[in-house]
2 protein chains.
Amino acid sequence: MTMLHIVDDDEAIRDALGWLFQSRNVPVAGWPSAEAFLEAWRPDTAGCLLLDIRMEGMSGLELFDRLLSKGCRMPVIFLTGHGDVPIAVGALKKGARDFVEKPFNDNELVDRVIDALGFDAEQREREAGQAGLAARLATLTQRERQVMELVVAGRLNKVIADELGISMRTVEVHRSHVFEKMRVKTAVELTRLLTGAS
Amino acid sequence: MTMLHIVDDDEAIRDALGWLFQSRNVPVAGWPSAEAFLEAWRPDTAGCLLLDIRMEGMSGLELFDRLLSKGCRMPVIFLTGHGDVPIAVGALKKGARDFVEKPFNDNELVDRVIDALGFDAEQREREAGQAGLAARLATLTQRERQVMELVVAGRLNKVIADELGISMRTVEVHRSHVFEKMRVKTAVELTRLLTGAS
DNA sequence: GCCGACTCTGCGGATATCCACAATAGCCGC
DNA sequence: GCGGCTATTGTGGATATCCGCAGAGTCGGC
């Protein structure tokens with residue numbers, strides 16, 4: 001599942017890159033056009049992207065833009081023979097991980113791809129944690145969410161009761177439901193969970 | 001204090017850029033060489049940097065490296081007439097904010113400089129807050145710091161007492177000293193303070 | 001040697017939090 | 001209408017936290 005996706009309309013280059021990476025034990029998938037990859041892309045597509053800039057049809061840059069607007073966070077490395085400073089600067093400022101001109105150094109490129117794959121794996125791990133958190137948050141009712149926010153803001157139960165215009169007892173009930181659903185035992189743990197601390 | 005620092009060995013360009021920015025109400029300081037700016041730079045120098053790449057003596061890139069190693073976090077915009085993709089990519093990956101080729105569009109450059117100045121101001125505000133926090137942390141004794149860490153980890157006083165091999169009462173004393181010194185009233189507030197939450 | 005810190009501890013009481021048991025009420029779907 | 005979910009509140013008790021009052025031991029500086 002996690003692999004390097006090479007998008008280039010030149011089959012010879014795809015093959016050469018495929019050989020290079022497979023010889024280094026990096027799994028590879030080749031795509032003959034931006035359209036083909038865009039069509040196949042799913043939010044759970046993992047790994048990293050090696051994009052040629054100039055291709056028949058959709059360019060690598062446009063593919064990058066389309067992927068970004070779909071919420072894709074995979075690291076992208078651009079590969080081009082026709083380098084141009086404004087293009088490189090624009091791509092990097094949009095979040096591309098690297099921008100490499102041909103001819104490139106094989107070892108360097110492989111290292112950068114491996115770095116990018118590691119980054120993607122870590123990022124997905126973080127996001128998986130966040131997804132579990134989001135799932136638990138989704139089980140809270142409105143009222144529980146309100147109470148939770150005030151608890152995490154450091155308010156005492158009696159203050160929360162005042163602010164929401166309900167009794168302290170009710171706050172306690174909601175509070176304990178929040179703790180149960182979020183699987184924590186103290187307000188501090190809940191705070192760490194929501195603020196994303198170690 | 002906060003201003004645009006233009007480093008370029010060509011006096012005509014410094015003057016032209018000076019005029020451009022001053023006409024837009026952006027305060028400017030001109031420096032005839034990387035060495036001159038490096039000499040004058042202090043950790044509290046605020047604003048942003050507009051660096052020419054190719055200069056007599058130290059290059060803009062080398063100045064950038066030297067500033068980074070001194071802990072400078074000012075946003076840097078490179079300006080060059082002799083663009084080169086690997087150089088631009090390297091600069092951006094090291095953290096440069098932008099890389100602009102001459103001839104440039106006046107309005108765009110001014111906008112980017114203004115953005116960068118705003119970014120620097122926000123960054124300094126954040127760091128000022130962190131500095132105040134660090135100062136308060138420095139007033140804690142060893143024991144207080146230990147207790148604080150366990151409190152922020154969500155442990156109950158009795159557990160902290162066990163782990164440190166002291167009585168609960170002593171933990172309470174340290175705990176209240178921590179709250180006092182850190183100027184918070186609850187463990188949750190302390191947690192937010194240390195984990196850098198909103 | 002005295003003074004100021006830091007550390008440690010106990011007692012007792014005021015608050016706050018946690019929780020089981022119990023009950024009322026509105027809303028929604030089967 | 002009945003059952004389930006949500007929101008609400010109360011009583012009462014077990015724990016935990018917050019604090020003032022009191023005392024004691026160590027260590028380093030003047």
Side-chain angles (χ1 to χ4, degrees), chain A residues 129-198, chain B residues 129-198:
Chain A
Q130 294 297 308
L133 175 58
R136 278 176 282 169
L137 278 173
T139 68
L140 298 178
T141 65
Q142 265 66 58
R143 215 44 162 169
E144 285 165 353
R145 220 184 310 281
Q146 291 177 339
V147 171
M148 180 183 73
E149 281 165 15
L150 294 170
V151 166
V152 168
R155 309 279 210 291
L156 296 180
N157 285 352
K158 69 154 69 166
V159 180
I160 297 174
D162 277 353
E163 292 189 23
L164 295 184
I166 57 184
S167 79
M168 239 182 78
R169 187 63 189 87
T170 307
V171 173
E172 288 174 25
V173 171
H174 289 314
R175 182 182 175 125
S176 80
H177 286 162
V178 169
F179 283 8
E180 191 184 344
K181 287 180 176 176
M182 302 304 289
R183 294 176 200 157
V184 296
K185 286 198 295 289
T186 68
V188 168
E189 288 176 53
L190 183 61
T191 304
R192 298 178 72 84
L193 203 60
L194 295 180
T195 58
S198 48
Chain B
Q130 292 298 307
L133 174 59
R136 278 177 282 170
L137 278 173
T139 68
L140 297 179
T141 65
Q142 277 77 48
R143 216 44 162 169
E144 285 164 353
R145 219 184 311 280
Q146 290 178 339
V147 171
M148 181 185 72
E149 282 165 15
L150 293 170
V151 167
V152 168
R155 309 279 210 292
L156 296 180
N157 284 353
K158 69 153 68 168
V159 179
I160 298 175
D162 277 353
E163 292 190 22
L164 295 183
I166 57 184
S167 78
M168 242 184 72
R169 186 64 188 89
T170 306
V171 173
E172 288 174 24
V173 171
H174 288 314
R175 182 183 175 124
S176 81
H177 285 163
V178 169
F179 283 7
E180 191 183 344
K181 288 181 176 176
M182 301 304 289
R183 293 175 203 159
V184 296
K185 286 199 293 291
T186 68
V188 168
E189 289 176 54
L190 183 62
T191 304
R192 300 178 70 82
L193 202 61
L194 294 181
T195 58
S198 48

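Naming convention: chains lettered A, B, ... in sequence-line order (proteins, then strands); numbering from 1 in each chain.
- With dC19(C), dT17(D), dC18(C) as the candidates, the nucleotide lying closest to the side chain of R169(A) is dC19(C).
- Rounded to whole Å, the distance from NE2 on H177(A) to C1' on dC19(C) is 11 Å.
- One finds a side-chain N or O of H174(A) lying less than 4.0 angstrom from the OP1 or OP2 phosphate oxygen of dT8(D).
- Nearest-nucleotide positions on DNA chain D place S176(B) closer to the 5' end than the other of S176(B) and V173(B).
- Taking side-chain N and O atoms only, T170(B) has no distance below 4.0 Å to OP1 or OP2 of dC8(C).
- Positionally, the nearest nucleotide of DNA chain C for T139(B) lies more toward the 5' end than for the other of T139(B) and E172(B).
- Remark: C1' of dT7(C) and CD of Q146(B) are 11 Å apart, rounded to the nearest angstrom.
- In this structure, of dC18(D), dT9(C), dC6(C), it is dC6(C) that holds the atom nearest to the side chain of T141(B).
- Distance D162(A) CG to dT9(D) P: 12 Å, rounded to the nearest Å.
- A close approach under 4.0 Å does not occur between any side-chain nitrogen or oxygen of K158(B) and OP1 or OP2 of dT15(D).
- The nucleotide whose nearest atom lies closest to any side-chain atom of E144(A) is, among dT17(D), dA7(D), dC8(C), dA7(D).
- Among R143(A), Q142(A), E149(A), the one residue that satisfies the side-chain hydrogen bond (donor to acceptor under 3.5 Å, both in side chains) test with Q146(A) is R143(A).
- As a whole-Å value, the separation of R145(B) CZ from dC6(C) C1' is 13 Å.
- In this structure, E172(A) does not pair ionically with R175(A), as no charged nitrogen and carboxylate oxygen lie closer than 4.0 Å.
- If you measure from atom CD of Q142(B) to atom P of dT26(D), you get 19 Å, rounded to the nearest angstrom.
- Per the geometry, NZ belonging to K185(B) stands 13 Å off P belonging to dA16(C), to the nearest Å.
- Between dC6(C) and K181(B), a contact under 4.0 Å exists linking OP1 or OP2 to a side-chain N or O.
- Taking atom CE of M168(B) as the reference point, atom C1' of dT7(C) lies 18 Å away to the nearest angstrom.
- Contact annotation: N157(B) side-chain N/O to dA16(D) OP1/OP2 distance is not under 4.0 Å.
- Side-chain contact between K158(A) and D162(A): absent, with no pair of heavy atoms (C-beta onward) separated by less than 4.5 Å.
- Under a cut-off of 6.0 angstrom, the local environment of CZ in R145(A) is crowded, with over 12 non-hydrogen atoms contributed by other residues, nucleotides or ligands.
- Nucleotide dA16(C) holds its C1' atom 12 Å from the CZ atom of F179(A), rounded to whole Å.
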Verdict with supporting geometry, R136(A) and K181(A), side-chain contact (heavy atoms from CB on, under 4.5 Å): CA-CA 6 Å; R136(A) 278 176 282 169; K181(A) 287 180 176 176; 6.0 Å; no
